[in-house]
Amino acid sequence: MEHTQIKEYIQANKQRFLDELMELLRIPSVSAKPEHAPDMLQMAEAIKAKFVAAGADKAEVCATKGYPVVYAEKIIDAKLPTILVYGHYDVQPADPLNLWDSPPFEPVIKKTAIHPDGAIFARGSCDDKGQMFMHLKAFELMMKNNSLPCNVKFMIEGEEEVGSANLGAWVVENKQRLKADVILISDTSIIANDTPSIDVGLRGLAYMEVEVTGPNRDLHSGVYGGAVANPINILCKMIASMHDENNHITIPGFYDKVMQLSAEERADLNKAPFNLDNFKKDLNIAEEQGEKGYTTNERTGIRPTLDVNGIWGGYTGDGAKTVLPSKAFAKISMRLVPNQSSHEISDLFAKHFERIAPKSVKVKVTAHHGGEPVMVSTSSKAYNAAATAMEQSYGKKPIPTRGGGSIPIVALFKKELGLDSILFGFGLDSDALHSPNEHYGVFNYFKGIETIPLFYKYYTASIK
Ligand code: BES
Ligand code: MN
Ligand code: MN
């Protein structure tokens, strides 16, 4: 399909494209909270209906052990290549609600400094409903113009934000039906609206929960304080000891398998424009911090991390209660890079945590979900098609970058389906994903819808 024709169709349907996305953003499809189960099912049905309306041959809400996967396809010719699009319809919880300037499930468009054309404010607007829905509208656009150049399959899942625990089994059971040539995913970011980029790596994840138990019950902190280990004090010390003065992680063996990049590869990575002042200003921090010897881009792209996500125990209510608590808890995640393994790192963490615990406490370590890191080749036909498409729609060649986030299912797609993924994201890191006031640029939404059909065109042409 010609670029001008694509732009004309978008122009003619702009308001409807926005309205339809707003409809989906009003459904609070929060996978982490059981009370939203009916919304999850409503969301799955709503997406299925959109696929039918857009012209899919088949559209189905497929049961899994958890929330359903929406599957749809349009097969035009078995001899043509097949693109498999992945996205997720679930969103993160909107909490803390009081920090939102407008209700999270009542989308509104407001202008911002970075989005002068306006941005849609709602939970899931960028991650990932807005980005997922670009694919649906791009599909509609190609169908209505009789210019879908290849076959396409869609799998839109409902459990990405809670670790995709049931998707793996569904993928394995549906290997035949998921046969494709490449996977296309819009669930990552670009550097800036005038600086397109394509993620060529994602970090993996090992997510742990720890419980530290001191005395058998909460104690009077005066009667016993000073003579009995306080599990919160101990937990804080243990956590603090897991980074050294250079912000290296101290778990023995943690870095053993970390892929070291050549000086040239690192220089390339650091060519990507990055403005430290804007970064600090956006986050209102006086100074960045991280592992010694690495730039900010490297710290988020090619280096592993260990972060406390939450910590609790004792008395946290109003006023003051004097108590020496019996237990302390923390949720600790580690972002992993090639070639670390989520299982190995979880084991190393558990062993280390047990080893450093003083005799005065008992510890329990459990592993939550994990995922493996991924790398994407820049020399494939699919990468080239993606880069060509972006170059045409943005008027600039995209820069290959490493994304700091995780999409654990991408490694599984490679393992189970043998397929590479193209991380064709259009959001911005500053769009407040997972945070209050998440938003997605109107420019970004339409740029995605404009660029996706170009990918179809160039990819199909490169395979024939
Ligand atoms: N879309 C994000 C991942 C992402 C965002 C990658 C921006 C690169 C740039 C995804 O929805 C996400 O949030 N993933 C989780 C992992 C999951 C196991 C909860 C994450 O990265 O924390
Ligand atoms: Mn996402
Ligand atoms: Mn997310």
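Atoms within a ligand are numbered from 1 in the order they appear, just like the ligands themselves. Numbers here are sequence positions counted from 1.
- Aromatic rings from Phe154 and Phe139 are positioned such that their centres are separated by under 6.0 Å.
- Annotation: His343, atom NE2; neighbour count of heavy atoms from other residues, nucleotides and ligands within 6.0 Å does not exceed 12.
- Under a 4.0 Å criterion applied to the non-hydrogen atoms of Gly405, ligand 1 contributes the atoms 6 (C), 8 (C), 21 (O).
- If you check which protein heavy atom lies closest to atom 3 (C) of ligand 1, you get Ser406 O, 3.5 Å.
- Proximity of Val162 to ligand 1, defined as any heavy-atom pair under 4.0 Å, is not found for any part of the residue.
- Every atom of ligand 1 is numbered from 1 in the order shown, and the set under 4.0 Å from a heavy atom of Glu160 is 10 (C), 11 (O), 12 (C), 14 (N), 17 (C), 19 (C).
- When the heavy-atom distances from atom 21 (O) of ligand 1 to Gln131, His368, Arg335, His434 are ranked, the shortest goes to Arg335.
- When only interatomic distances are considered, the shortest N/O to N/O separation between Thr188 and ligand 1 does not fall below 3.5 Å.
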Next on the checklist: As a quick check of understanding, evaluate side-chain hydrogen bond (donor to acceptor under 3.5 Å, both in side chains) for Asp90 and His36, giving each step before the final call.
Outcome noted: CA-CA 10 Å; Asp90 64 322; His36 286 292; over 6 Å; no
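- Distances between N or O atoms of Asp429 and those of ligand 1 include no value under 3.5 Å.
- Nearest N/O/S atom of Glu161 with respect to the Mn ion (ligand 3) is recorded as OE2.
- The shortest N or O to N or O distance between Asp187 and ligand 1 is below 3.5 Å.
- Of all the heavy atoms of His369, the ones lying under 4.0 Å from any atom of ligand 1 belong exclusively to the side chain.
- In summary, the aromatic rings of Phe426 and Phe424 are positioned with their centroids under 6.0 Å apart.
- The aromatic rings of Trp170 and Tyr71 are tilted relative to each other, their planes meeting at an angle between 30° and 60°.
- With Thr188 contributing its side chain and Gly425 its backbone, the two residues share a donor-acceptor pair below 3.5 Å.
- Seen from the Mn ion (ligand 2), atom OD2 of Asp187 and atom OD1 of Asp127 lie 150° apart in angle, a value rounded to 10°.
- Under a 4.0 Å heavy-atom criterion, Pro408 is in contact with ligand 1.
- Checked against Arg123 for a side chain to side chain donor-acceptor pair (under 3.5 Å), the options Glu438, Gln92, His434 give a single hit: Glu438.
- For His88, every N, O or S atom stays at 2.8 Å or more from the Mn ion (ligand 3).
- Ring orientation note: the planes of His248 and Tyr255 are nearly perpendicular, at an angle over 60° on the 30°/60° scale.
- Close contacts of ligand 1 with His88, meaning ligand atoms under 4.0 Å from a residue heavy atom, involve 11 (O).
- Heavy-atom separations between Arg203 and ligand 1 are all 4.0 Å or longer.
- Contacts between Asp127 and ligand 1, counted as non-hydrogen atom pairs separated by less than 4.0 Å, involve the side chain only.
- Contact check for Ile345 versus Phe254: side-chain heavy atoms found under the 4.5 Å cut-off.
- In terms of polar-atom proximity, defined here as any N/O pair under 3.5 Å, Ser189 makes no such contact with ligand 1.
- The protein heavy atom nearest to atom 19 (C) of ligand 1 is Glu161 O, 3.6 Å.
- Between the side chains of Glu140 and Tyr9, at least one donor N or O sits under 3.5 Å from an acceptor N or O.
- In terms of polar-atom proximity, defined here as any N/O pair under 3.5 Å, Asp199 makes no such contact with ligand 1.
- Listed by chain and residue number, Met242, His243, Ile249, Ile251, Ile332, Met334, Phe349 satisfy the side-chain contact (heavy atoms from CB on, under 4.5 Å) test with Leu306 (two or more places apart in sequence, or in another chain).
- At least one cation-pi condition fails for Lys129 and Tyr89: the charged atom is not both under 6.0 angstrom from the six-membered ring centre and inside a 45 degree cone around its axis.
- Close approach to Leu433 involves these atoms of ligand 1, each under 4.0 Å from a residue heavy atom: 5 (C), 7 (C).
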